Amino acid sequence: MRPVRGDGPGAGHRESAPGATQGWTPREPGGPGGGNGSGGSGGDGTDGTPAAAPDPKGKKGKKGKRPKRTGWRRLIPTWRMVLGSFILLVLLVVGAFMTGYFLVEIPPANKMATRQSNVYTYADGTVLARDGEVNRESVPLSKVPKRVQHAVLAAEDRDFYSESAVDPKAMIRAAWNTLTGKGKQSGSTITQQYVKNYYLDQDQTVTRKAKEFFIAIKLDREVSKDDILQGYLNTSYFGRSAYGVQAAAQAYYGKNVDDLTTGQGAYLATLVNSPNAYDVATHPENKSRALARWNYVLDGMVKEGWLDKAEREKIKFPMPKQATGAPSLSGQRGYVVKAIENYLFEHKIVDEDTFSKGGYRITTTLQKPKQDAFVKAVEEQVMSKVDKKARKVDRNLRVGGASVDPATGEVVAMYGGIDYTKQFMNNATRRDYQVGSTFKPFVFTSAVENGSTTQDGRPITPNTVYDGDNRRPVQGWAGGSYAPANEDDANYGDISVREATDKSVNSVYAQMAVDVGSDKVKETAVALGVPEKTPDLTASPSIALGPSTASVLDMTEAYATLANHGKHGTYTLVEKITKDGQDIALPERRTSSAVSREAADTTTSILQSVVRSGTGREALAAGRPAAGKTGTAENDKAAWFAGYTPDLATVVAIMGADPETAAQTPLYGALGETRINGGGYPAKVWAQFTRDALEGKPVKEFDLELEPGSQEPVAPDPSQSAEEPEEGDGSDGSGEPSDGPTGDDGDATDGGATDGGQTGGQDDDGGRSQGQGQGPGGGGQDDGGRSQGQTQGPTGGGDQDDGATDGSTGDGGASEGGGDTAGDGGAQGGQTAGAGALGGLTTGAGGRARGD
């Protein structure tokens, strides 16, 4: 038979079956007579011809190839690829683990017992302090009560006895939380922490973590859990230079570890997490955080069945004793060292555990001559007058101070207390005393910065008049009734902002806080340098009175921003830090515009008035142009003076604290004074320090750019006076005739109304006078028609020149001469009836107000 070649797919060379018709045409596979059908030719049909597998190329007897994947399907790995990759990964992990396990040996203990000192120097390189002493005393686990052991386990690793040496899940969780911004977490078990403390260093490197991982696994196989816990308790750092639980028991409670109560053990367990953050004696502002952590520990003990719930309810927080510094840190050295440590830790320059190993050299920004000047000023102005035998309250006296260069933000001097070994708390950095009226300038700064107006739409300037009566309810506040008292319950009536600042009138500034918006006031204070998380920094009208508890150093930073025309350079205590000759990176020094120059400078202008003729007159002894503000905490528990020259911003505070309990106490009767206020001893210390610190430096005047409408009213020109003065109404407020025809300035060089002489509040050319004459001459109207003066005498006033008189008024009036008449508007023995600064709207009440 002759072979026939088919044309379709599946056709091949074969002989025709009997009866086949010449010209047979093959069918498609699977169709009738083709493929594997039961009838027709080909396939595996009934004619018995062997079947040929369908093949697109027509090749007989071979299976077809898998179609190639196209498009997006090519991106999906096959199951063979997935399985192969997984097996390879497992082999690599197992191989790496076995390699690490066999290569990493358990090393000898680290050199912690002979750690290096950290060295601190002044800016000029002179050594300031060393902190090389280590307090450690190891004890066997049998000496540590179960209640203390369980407290530590509840705080750090509750599954210690049942878990493996490492917890991969915890490590992954900690890494994730750190990466997602939920806070830095270690994820380490107690075994891993012990390995880090005893065998390794504190470097945060992948290599160290890998070694820690393998050593922990080996150690867990070679020693008991009790041995690991004992080592952990004896090597952990608890703060106050105390390493180990026995040293910590002595440092915080003055007793051996086996005498600790459950509450005390829980507090020590709290400290392991962050000694610097939870030492409530050193940082009382952190007590709420420490208390929360302490409760977490006790609740964990109850949850684990280590403490009866009824017993837990009876436990009260065990306040630790006041710390005592090492002899090598006596005087101011210890305060500086601790302030530096806090700075390094808070700015994450180096962590606490690593720094405790030592070997760092820290160059501070402190300047030795200025530091010595601060100590001398406090000693001569305050401590030399302390008499603990005659006055028990003198035992409670504490002084804190700080000074910052406004141009650089560098802390050039700091006073922490009489001696670090006697008073451990740093009074310059503590955040637990109210700042009082030193906060008021921030309210006014915010008013100018935000272009604020009074309730009736008048722009707020130094010359804006407010109602200064005692307990005047604030208007426009939706949060409820608020009517603050003025100091000594003084009533001032209508009073300008400048004079209200001079006399620190609470009712005026509470209303101003509402006019500005207390939330905006808070924003301005934070921008100037007050920490946002300062306790009691609450957006409400009371914010103006200073219930917040910023530190002396915080307030110095904020006032330095005002001195620097509104530019805020974050303060720094560290100029340079090195270890083994290598520089450690410091935060970038940045200067930003906190508020406009106009807002800062206008605030400076009214603070100059406070020094010239307000509550801060003692600061004049510095012999420099100065601006400042006094302040007093509630119940006179602290007195402040915050001020600055163009070159230096300094804050001084005197505080009352019980030496045994550390409880805040009033200062009534201290130093033989009925009351201690900011315009007294704090201002005296400020003046002496500023004078000595700037000795030999050229005197610099303030260069101010003021808010429109902020210029001080000008004193009357005697040549324009219509009548001669009467006897007894002279400008010096003494009751004697003055040399010139006009009355006293009433506010040193501030301008303002007359004090009862012949000429009343005359008009100035700029039209901003708000004076009110109270003698025979009344107040005339200025050229611009904006005068708020009222005529109370029979005759009106004429026009006034821009220039102030240089006859009887002088510069500062009686206030600079130190006489009885302070020139701030107060009545002195009934001799001066006149008005105060900027408007003369009071009639003597200010002389009795302490204004703090």
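These figures come from a predicted structure and were not determined experimentally. Numbers here simply count residues along the sequence, with the first being 1.
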Do L528 and Y559 have side chains that get closer than 4.5 Å, going by heavy atoms?
no

With a 4.5 Å heavy-atom cut-off, do T461 and T602 have their side chains touching?
no

Below 4.5 Å, heavy atoms only, C-beta onward: do Y492 and D469 meet side chain to side chain?
no

Are any of the side-chain heavy atoms of Y509 and P484 separated by less than 4.5 Å?
no

When you compare the side chain of Y466 with that of T454, does any pair of heavy atoms fall below 4.5 Å?
yes

Under the side-chain hydrogen bond (donor to acceptor under 3.5 Å, both in side chains) criterion, do T632 and D636 qualify, and how do the steps go?
CA-CA 6 Å; T632 304; D636 282 26; 5.2 Å; no

T534 side chain to S548 side chain, donor-acceptor N/O pair below 3.5 angstrom:
no

Would you say that I676 contacts E673 through its side chain, given a criterion of any heavy-atom pair below 4.5 Å between the two side chains?
yes

Hey, can you pull the donor-acceptor pairs under 3.5 Å for the side chains in residues 641-654, sequence neighbours left out?
| unit_1 | atom_1 | unit_2 | atom_2 | d |
| --- | --- | --- | --- | --- |
| Y644 | OH | T604 | OG1 | 2.7 |
| T645 | OG1 | D647 | N | 3.1 |
| T645 | OG1 | L648 | N | 3.2 |
| D647 | OD1 | K700 | NZ | 3.3 |
| T650 | OG1 | S403 | OG | 2.9 |

If we only count heavy atoms from C-beta on, is the N677 to T630 side-chain gap below 4.5 Å?
no

side-chain hydrogen bond (donor to acceptor under 3.5 Å, both in side chains) between Q475 and Q511, worked out
CA-CA 7 Å; Q475 306 297 315; Q511 182 62 58; 5.4 Å; no

How about D489 and R471: do any of their side-chain heavy atoms sit closer than 4.5 Å?
yes

At what distance, to the nearest 0.5 angstrom, does CD of E598 lie from CG of L706?
8.0 Å

Report the C-alpha separation of S540 and T538 in whole Å, then their side-chain angles, then the decisive distance to 0.1 Å, and conclude whether the side-chain hydrogen bond (donor to acceptor under 3.5 Å, both in side chains) test is met.
CA-CA 6 Å; S540 68; T538 306; 5.8 Å; no

Verdict with reasoning, Y668 to V393, per side-chain contact (heavy atoms from CB on, under 4.5 Å):
CA-CA 8 Å; Y668 301 124; V393 67; over 6 Å; no

Enter the distance from L620:CG to R691:CZ here, rounded to the nearest 0.5 Å.
13.0 Å

Please walk me through it: do E449 and S596 pass side-chain hydrogen bond (donor to acceptor under 3.5 Å, both in side chains)?
CA-CA 6 Å; E449 177 70 9; S596 66; 3.1 Å; yes

Please evaluate residues V526 and L537 with respect to the criterion side-chain contact (heavy atoms from CB on, under 4.5 Å), reporting the C-alpha separation (whole Å), side-chain torsions for both, the decisive distance (0.1 Å), and the verdict.
CA-CA 10 Å; V526 171; L537 185 62; 4.1 Å; yes

Compare every heavy atom of A560 with every heavy atom of P406, then report the nearest pair and how far apart it is.
CB-O, 3.7 Å

Nearest heavy atoms of A639 and G678, plus distance in Å:
CB-N, 3.7 Å

Tell me whether the count of non-hydrogen atoms from other residues, nucleotides or ligands lying under 6.0 Å of NZ in K567 goes above 12.
no

State whether K503 and E499 are salt-bridged, where the test is any N-O pair (Lys NZ or Arg NE/NH1/NH2 against Asp/Glu carboxylate O) under 4.0 Å.
yes

Backbone N/O of S504 and side chain of K440: donor-acceptor pair under 3.5 Å:
yes

Closest non-hydrogen atom pair, P462 against S710
CD-OG, 3.3 Å

Once salt bridge (charged side-chain N to carboxylate O under 4.0 Å, His left out) is applied, what residue pairs with a partner in residues 547-562 remain, sequence neighbours excluded?
R431-D554

Rounded to the nearest 0.5 Å, how far does CD of Q381 lie from NZ of K684?
6.5 Å

Regarding Q455 and D515, is there a side-chain donor-to-acceptor distance under 3.5 Å anywhere?
yes

Do any N or O atoms from the side chain of S384 and from the backbone of E379 form a donor-acceptor pair under 3.5 angstrom?
yes

Under 3.5 Å, is there a donor on one side chain and an acceptor on the other for T445 and T603?
yes

Gap between atom CG of D467 and atom CD1 of I495 - 0.5 Å precision:
10.0 Å

With a 4.0 Å cut-off on N to O distance, would you call E487 and R675 a salt bridge?
yes

Identify whether the distance between the nearest side-chain nitrogen and carboxylate oxygen of R617 and D502 falls below 4.0 Å.
no

Give a yes-or-no answer on whether the side chains of S437 and K629 include a donor-acceptor pair shorter than 3.5 Å.
no

